[in-house]
Asker: 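Can you read through this structure? Questions will come right after.
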There are 2 protein chains.
Amino acid sequence: MARQPTHPSSPRPGSVTLEDIAAHAGVSRSTVSLVLRESPLVAERTRDNVRASIKTLGYVYNRGAAALRSSRTHTLGVVVYDIANPFFGAMVAGIDAALHRENYVSFLANSEDSPQRQLRFLERMREHRVDGILLCPSEGTDPALIATLSDWNLPCVQVLRHVGEPPFDYAGTDFEQGVRLAVDHLVARGHRQIAFIGGEAEHSATLARWRGYFAAIADHGLAPRHLRTALTRRAGFEAIQTLMAEPTPPSAVVCHNDLMAFGAMLGLKRLGLTPGVDCAVVGTDDVEEAALSDPPLTSVATHPYAIGEEAARLALRRIADPDGAREQVILSPRLQVRESSDAAERHQDPATTSKASAQHARRLTTP
Amino acid sequence: MARQPTHPSSPRPGSVTLEDIAAHAGVSRSTVSLVLRESPLVAERTRDNVRASIKTLGYVYNRGAAALRSSRTHTLGVVVYDIANPFFGAMVAGIDAALHRENYVSFLANSEDSPQRQLRFLERMREHRVDGILLCPSEGTDPALIATLSDWNLPCVQVLRHVGEPPFDYAGTDFEQGVRLAVDHLVARGHRQIAFIGGEAEHSATLARWRGYFAAIADHGLAPRHLRTALTRRAGFEAIQTLMAEPTPPSAVVCHNDLMAFGAMLGLKRLGLTPGVDCAVVGTDDVEEAALSDPPLTSVATHPYAIGEEAARLALRRIADPDGAREQVILSPRLQVRESSDAAERHQDPATTSKASAQHARRLTTP
DNA sequence: CCTACGATTTAGATCAATCCAAAAGCGTTC
DNA sequence: GAACGCTTTTGGATTGATCTAAATCGTAGG
């Protein structure tokens, strides 16, 4: 109601078209279109006139119509498998920030780790003609999916996990290296019985952690103790109690993620033990809560926000150059040592949080 | 490459159109369109033929083109101010689930609590011609925004927070009632010095908590003690230490959210006090972590997933009937009592989580 | 005076669907 | 065999942008 367009035949507000602008400014539709797309072909005087008409008529660009002709929607599909997990929340925030800067906008779907849901969403994305996909493949994703997307002509960047054979575009963290850092740290603190809990599933991200664990343990000439569990707080709570009841209980545990580590620390307390004194605990992710737990948790920082940003950047690059060399961006994890693995550590300010250090990124290019 | 469309002039795979299907099935474009939209006007034989052609040619529906003509995109814009917060993660999951069922898909934006970013996103949504908006208004949102959206002909459902004057569509929780429940519970346990921490900002959601707190305290003839702080874990950690250093320290605190409550419990431990024994702590939200903290946290459950679902349903209803009566769906909170407010409670299984009880919803309709 | 030139601007086709009014098909009945 | 009523089907217009090749314009060179 505020500003009715002056053109009389427009039925509801918001349906002013290029045609209307053209008539008002005394030029052709084409010229208005060029102005909207900041083309250098248009004379400055004309451009100003057109801009003025656009303003007075309250025109709104119709991206749908533009996409029909240009087959570019400025739209991306993002699939994660658990948006309620703060790690993915941070990642999505990073994606959002990077896309926002480039005037892109993203569809989000939560696959709930169901390949069927994931596929349905991807099909829908195809109908909406998104320019590309950011995919955290759900559990049990058919590796052929990536080839299918490629058949569909849909650029796809995998994030955090990956399936199928390289080369593909991928952004994630070097989890193998992360677990190695954790084990090395614990060995340096004198631990010899170092267990690993987590990882019943078989993604790349889980496998990488295993590799890191077994390799590091072997390097130090120690005996591995690996317990497969779910990846929840609850699972950590139970797993630690199982381990501590064994004939040779571990003196330290490395956990698949921070949630499990918190669970493990609670489990230790339930047993009357003190985390960091009776048994060291190391997590993975370094979520905000890690600095403020009791005791503060040593954790391998995996920079979800930075991963999100990198993934988005990668996708935009692939859209601009569909046949360019595939790229893998792998951020280096960083170990944040706190009291849960080092009771001797000074009692610091509780919120010494780590900043994402994206400059540690390693870039691989597969031609 | 898998299945090349038989139509020779199509440049890349995936660009099979209605025209191609029509030619292949020996009918007109219009008929194919009717089949796609499950129109009862088409004879069964014809429908089957067309379906077969669609399959063999590998046709993909182009929603962009359809939207151009029908001005319905089957698309929604969702704005939250902190997607990294697990509460919003759960809410978005609820929204996603509800929309998925109705073949809708949603754009997500993280406003980072900036009205400018929020507005930019909303403008972009308008360009994409979304059918509606789900909005958690960012801090400092101009109340006129809701009227502007209405001018734009964009149905908008506010979620969790709201600005502007009713009537509008809204889905949220009765925070006032929630805080009341918490205070009543504490009084019943014999507490007389009950403080409230949190809420320096001025949203509806914060104001409602205040109202609940002051009203309940007054009802019981007690003296209020309210500390305004930020809404972070860190803030809770500091606030409790401030309060406990006062001449009459509280015997119980109610916190704006669970994050702050966790911080407060940590702060008590830092002072050598035991949460639940030396000072009771109650949070709000009942996040998953609450059941597994040390001690388990009493919390007012606010059902984010259910709120998300209700909000999405509301939006779809409004799209179908733009001039219908505005609705407010307000879920009733439920108090989940655990040891942090009741040290005498039996040591239960740590993960007795609450199920969202959406049947407690109260529906208001403003004509 | 005519043409060529670079810089702008434009008409008309095109993109892939929906909408609408009109036509076609078809079995009855007069 | 024409008229009728009913279900199906169909051209052609429409939606709002982009793309392409051609038109316009003022000026300078031959």
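In this text the structure is predicted, and so the values were computed from the model without any measurement. What you see below is based on every heavy atom in this structure, not just the backbone, and it leaves out hydrogens, waters and symmetry mates. In what follows, chains are A, B, ... by sequence order, proteins preceding strands, each numbered from 1.
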Asker: So, is T31(B) close to the dT9(D) phosphate, meaning a side-chain N or O under 4.0 Å from OP1 or OP2?
Answerer: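 It does not, given that no N or O in the side chain of T31(B) lies less than 4.0 Å from OP1 or OP2 of dT9(D).
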Asker: Under 4.0 Å, heavy atom to any atom of DNA chain D: which of residues 42-52 of chain B qualify?
Answerer: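 V42(B), A43(B), T46(B), in order of number.
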Asker: Is the phosphate of dT10(C) approached by S28(A) (side-chain N or O, under 4.0 Å from OP1 or OP2)?
Answerer: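 Yes, S28(A) has a side-chain N/O under 4.0 Å of OP1/OP2 on dT10(C).
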Asker: For N62(A) and R129(B), run side chain to side chain contact (heavy atoms under 4.5 Å, CB included): C-alpha distance rounded to whole Å, both residues' side-chain angles, the deciding distance at 0.1 Å, then the answer.
Answerer: CA-CA 7 Å; N62(A) 186 327; R129(B) 298 289 193 270; 3.7 Å; yes
Asker: Under the side chain to side chain contact (heavy atoms under 4.5 Å, CB included) test, which residues partner P155(A), sequence neighbours left out?
Answerer: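 Result, side chain to side chain contact (heavy atoms under 4.5 Å, CB included) vs P155(A): R318(A), I319(A).
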Asker: With respect to the phosphate group of dC19(D), does any side-chain polar atom (N or O) of R37(A) fall under 4.0 Å of OP1 or OP2?
Answerer: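 Yes, within the criterion.
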Asker: Could you list by number each residue of residues 62-70 of chain A showing a heavy-atom separation from DNA chain C of less than 4.0 Å, or answer none if no residue does?
Answerer: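 L68(A), R69(A) - these, ordered by number, are the residues of the stretch whose heavy atoms sit under 4.0 Å from the strand.
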Asker: Looking at E38(B) and R51(B), is any side-chain nitrogen of the basic one under 4.0 Å from a carboxylate oxygen of the acidic one?
Answerer: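 Salt bridge between R51(B) and E38(B), a charged N being under 4.0 Å from a carboxylate O: yes.
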Asker: Could you tell me which residues satisfy side chain to side chain contact (heavy atoms under 4.5 Å, CB included) with A311(A), sequence neighbours excluded, listed by chain and number?
Answerer: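 With sequence neighbours excluded, A311(A) shows a side chain to side chain contact (heavy atoms under 4.5 Å, CB included) to L134(A), V157(A), V159(A), A171(A), given in chain and number order.
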Asker: Please report, to 0.1 Å, the donor-acceptor pairs under 3.5 Å made by any side chain of residues 142-150 of chain B, with sequence neighbours excluded.
Answerer:
unit_1, atom_1, unit_2, atom_2, d
D142(B), OD1, A144(B), N, 2.9
T148(B), OG1, A144(B), O, 3.0

Asker: For D48(A), is there an ion pair with K55(A) - N to carboxylate O distance below 4.0 angstrom?
Answerer: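 No.
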Asker: Could you check whether T17(B) gets within reach of a base, just the sugar-phosphate, or nothing at all, counting any heavy atom under 4.0 Å?
Answerer: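 Sugar-phosphate only.
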Asker: Return the set of residues passing side chain to side chain contact (heavy atoms under 4.5 Å, CB included) with E102(A) (not counting sequence neighbours), or none when no residue passes.
Answerer: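 If we apply the side chain to side chain contact (heavy atoms under 4.5 Å, CB included) test to E102(A), skipping adjacent residues, the hits are Y104(A), L316(A).
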Asker: Can you tell me the distance, in whole Å, between the CG atom of L34(B) and the C1' atom of dT10(D)?
Answerer: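 Rounded to the whole Å, the gap is 10 Å.
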Asker: Would you indicate which nucleotide in dG12(D), dT9(D), dA13(C) comes nearest to any side-chain atom of R29(A)?
Answerer: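 For R29(A), the side-chain atoms sit closest to dA13(C).
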Asker: Less than 4.0 Å between a side-chain N and a carboxylate O, is that true for E310(B) and R313(B)?
Answerer: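 E310(B) and R313(B): salt-bridged.
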